[in-house]
Amino acid sequence: MTIALVLLAAYVIDRIVGDPRNLPHPVIGMGKAITALERAIRRLWSRPQSLRRAGVLLPLCVAGGAWALTAILLWLLSSISPWLVWIAEVWLISTTIASKGLKDAGMAVYVELQKGDIPAARKALGMIVGRDTTLLDAPEIVRGTVETVAENIVDAIISPLFYALIGGAPLAMAYRAVNTLDSMVGYKNDKYRDLGWASARLDDVANFIPARITALLLALCAGMLRLDWRRCLQMVKRDAHLHPSPNSGYPESAVAGALGIRLGGENVYHGVASFRAYMGDPVRTMEPDDIIQTSRMMMLCSSIFVGLCAVVAWIWIGG
């Protein structure tokens with residue numbers, strides 16, 4: 001029952017409070033650690049083969065360190081009071097979730113589109129995507145926002161809750177470290193192809209099961225929200241594997257199918273065009289309200305999943 005309550009409390013805190021700017025956030029510490037380790041590694045090694053070997057050490061040190069530090073902290077607090085352990089675990093798990101932040105980011109773009117302020121909408125989208133946004137029109141801004149919200153349902157909500165259920169705050173923090181590594185060094189460019197390969201692979205493995213759970217939950221949510229759940233499942237089956245990521249295609253194709261829109265297409269990164277496979281069929285033209293619908297699906301999906309996690313935790317302990 002304690003694990004169930006911890007997960008529910010952590011999720012509620014994130015939904016209400018999010019990530020207050022005046023409180024320290026573990027991900028910031030992870031980012032600084034990754035930057036420091038990368039600098040140290042590049043000082044010691046420069047050859048591609050050496051960097052590939054060092055690329056294995058990077059996730060071991062960062063993710064392993066996040067797990068160990070969290071476990072030690074909880075162990076130390078247990079000698080003072082079990083209530084301190086409970087409070088710390090709730091807070092730590094809540095920092096690995098970003099449902100409120102994801103919804104707020106999408107809504108920031110939506111508000112500017114509703115005003116008709118395209119430059120401001122481009123700027124708001126640029127805060128949450130890596131692609132160039134300076135020349136995007138309204139439908140492309142909507143596409144970028146829907147894709148980002150859909151993709152991050154896995155990374156920012158389902159996966160951390162999944163690992164918190166299995167291994168509490170230490171494993172949830174280890175997952176967040178893996179995800180942060182992937183976002184910082186997991187690129188297939190000249191700079192990170194050798195150093196970041198292990199981090200990218202580990203992130204793919206970590207999100208494999210949660211991504212597929214998310215696709216099924218999104219189909220359920222589509223039915224509950226009177227969207228097209230049948231087409232949702234059809235697009236997952238048809239298009240999910242076309243995405244360059246082994247996981248991101250599942251939530252994106254599910255949302256595209258449920259809404260009757262087509263995601264994917266040409267994106268520009270640092271002046272270089274890159275085509276991403278289409279997800280879904282263009283049954284209708286994308287519009288700003290698709291951001292609202294995607295956010296609703298995201299919130300409902302996350303609520304259902306945390307409820308399922310709590311039930312599983314209760315049965316698990318009870319058994």
Side-chain angles (χ1 to χ4, degrees), residues 2-4 6-7 9-11 13-14 19 23-38 40-41 54-78 85-99 101-102 151-186 192 195-214 245-248 302 305-306 309-310 312-313 316:
T2 301
I3 297 175
V6 165
L7 293 175
Y11 178 72
I13 288 174
D14 176 69
D19 297 322
L23 291 178
H25 199 287
V27 172
I28 296 176
M30 292 175 190
K32 291 180 179 179
I34 292 167
T35 300
L37 281 170
E38 181 186 349
I41 287 171
V56 177
L57 293 176
L58 195 57
L60 285 176
C61 291
V62 178
W67 183 92
L69 287 173
T70 306
I72 290 170
L73 173 63
L74 296 177
W75 177 73
L76 291 173
L77 292 174
S78 69
V85 177
W86 194 88
I87 292 170
E89 192 150 25
V90 167
W91 177 73
L92 288 170
I93 292 174
S94 75
T95 66
T96 67
I97 311 167
S99 60
L102 189 55
E151 177 182 358
N152 281 284
I153 295 172
V154 178
D155 296 356
I157 306 170
I158 305 300
S159 285
L161 286 171
F162 178 80
Y163 288 104
L165 171 65
I166 296 173
L171 195 57
M173 294 300 291
Y175 166 77
R176 181 50 63 205
V178 169
N179 191 244
T180 304
L181 274 164
D182 181 61
S183 68
M184 293 182 67
V185 304
Y192 289 114
L195 183 61
W197 74 272
S199 297
R201 293 279 181 85
L202 185 57
D203 184 74
D204 289 342
V205 171
N207 287 312
F208 187 88
I209 294 175
R212 285 142 184 86
I213 292 173
T214 302
S245 163
N247 302 312
S248 297
S302 60
F305 186 68
V306 75
C309 286
V312 170
W316 190 355

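Hydrogens, waters and symmetry mates are skipped; everything else that's a heavy atom, side chains included, is used.
- At least one side-chain heavy atom of Asn247 sits under 4.5 Å from a side-chain heavy atom of Arg212.
- In this structure, the side chains of Leu58 and Val185 come closer than 4.5 Å at one or more pairs of heavy atoms.
- Here Ile34 contributes atom CD1 and Asp182 contributes atom CG; the two are 10.0 Å apart, rounded to the nearest 0.5 Å.
- The two residues Glu89 and Gly168 come nearest to each other via the heavy atoms OE2-CA, 3.4 Å.
- Across all non-hydrogen atoms, the minimal contact from Met184 to Gly31 is CE-O, 3.6 Å.
- Between Asp155 and Tyr175, some side-chain heavy-atom pair lies under the 4.5 Å cut-off.
- Closest approach of Thr214 to Pro210, counting heavy atoms only: OG1-O, 2.7 Å.
- The distance from atom CG of Leu195 to atom CG of Leu57, rounded to the nearest 0.5 Å, is 10.0 Å.
- Within a 6.0 Å sphere centred on CD1 of Ile209, other residues, nucleotides and ligands contribute 12 heavy atoms or fewer.
- Note that CG of Leu7 and OG1 of Thr2 are 11.0 Å apart. Values are rounded to the nearest 0.5 Å.
- Contact check for Leu181 versus Asp203: no side-chain heavy atoms found under the 4.5 Å cut-off.
- Ser302 and Tyr11 form a side-chain donor-acceptor contact under 3.5 Å, judged by distance and modelled atom types alone.
- In this structure the side chain of Leu37 reaches within 4.5 angstrom of the side chain of Cys61, judged on heavy atoms.
- Rounded to the nearest 0.5 angstrom, Ser248 OG and Ile153 CD1 are separated by 11.5 Å.
- Of all heavy-atom pairs spanning Ala63 and Ala174, the tightest one is O-CB, 3.7 Å.
- The two residues Ala169 and Leu74 have their closest heavy-atom pair at CB-CD1, 4.2 Å.
- The two atoms that bring Ala66 and Met30 nearest to each other are CB-CE, 4.3 Å, heavy atoms only.
- Considering CD1 of Ile166 and CG of Leu161, their distance stands at 11.5 Å, rounded to 0.5 Å.
- Of the inter-residue distances, the one linking Asp14 atom CG with Asp19 atom CG reads 6.5 Å to the nearest 0.5 angstrom.
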Which atom pairs, donor and acceptor, lie under 3.5 Å between side-chain atoms of residues 90-98 and protein residues at least two apart or in another chain?
residue: Ser94; atom: OG; partner: Trp91; partner atom: O; Å: 2.6
residue: Thr95; atom: OG1; partner: Leu92; partner atom: O; Å: 2.6
residue: Thr96; atom: OG1; partner: Ile93; partner atom: O; Å: 2.6

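- Side-chain contact between Ile157 and Phe305: absent, with no pair of heavy atoms (C-beta onward) separated by less than 4.5 Å.
- Side-chain contact check for Arg176 versus Pro26: every heavy-atom pair is 4.5 Å or farther apart.
- With sequence neighbours excluded, no residue forms a side chain to side chain donor-acceptor pair (under 3.5 Å) with Thr180.
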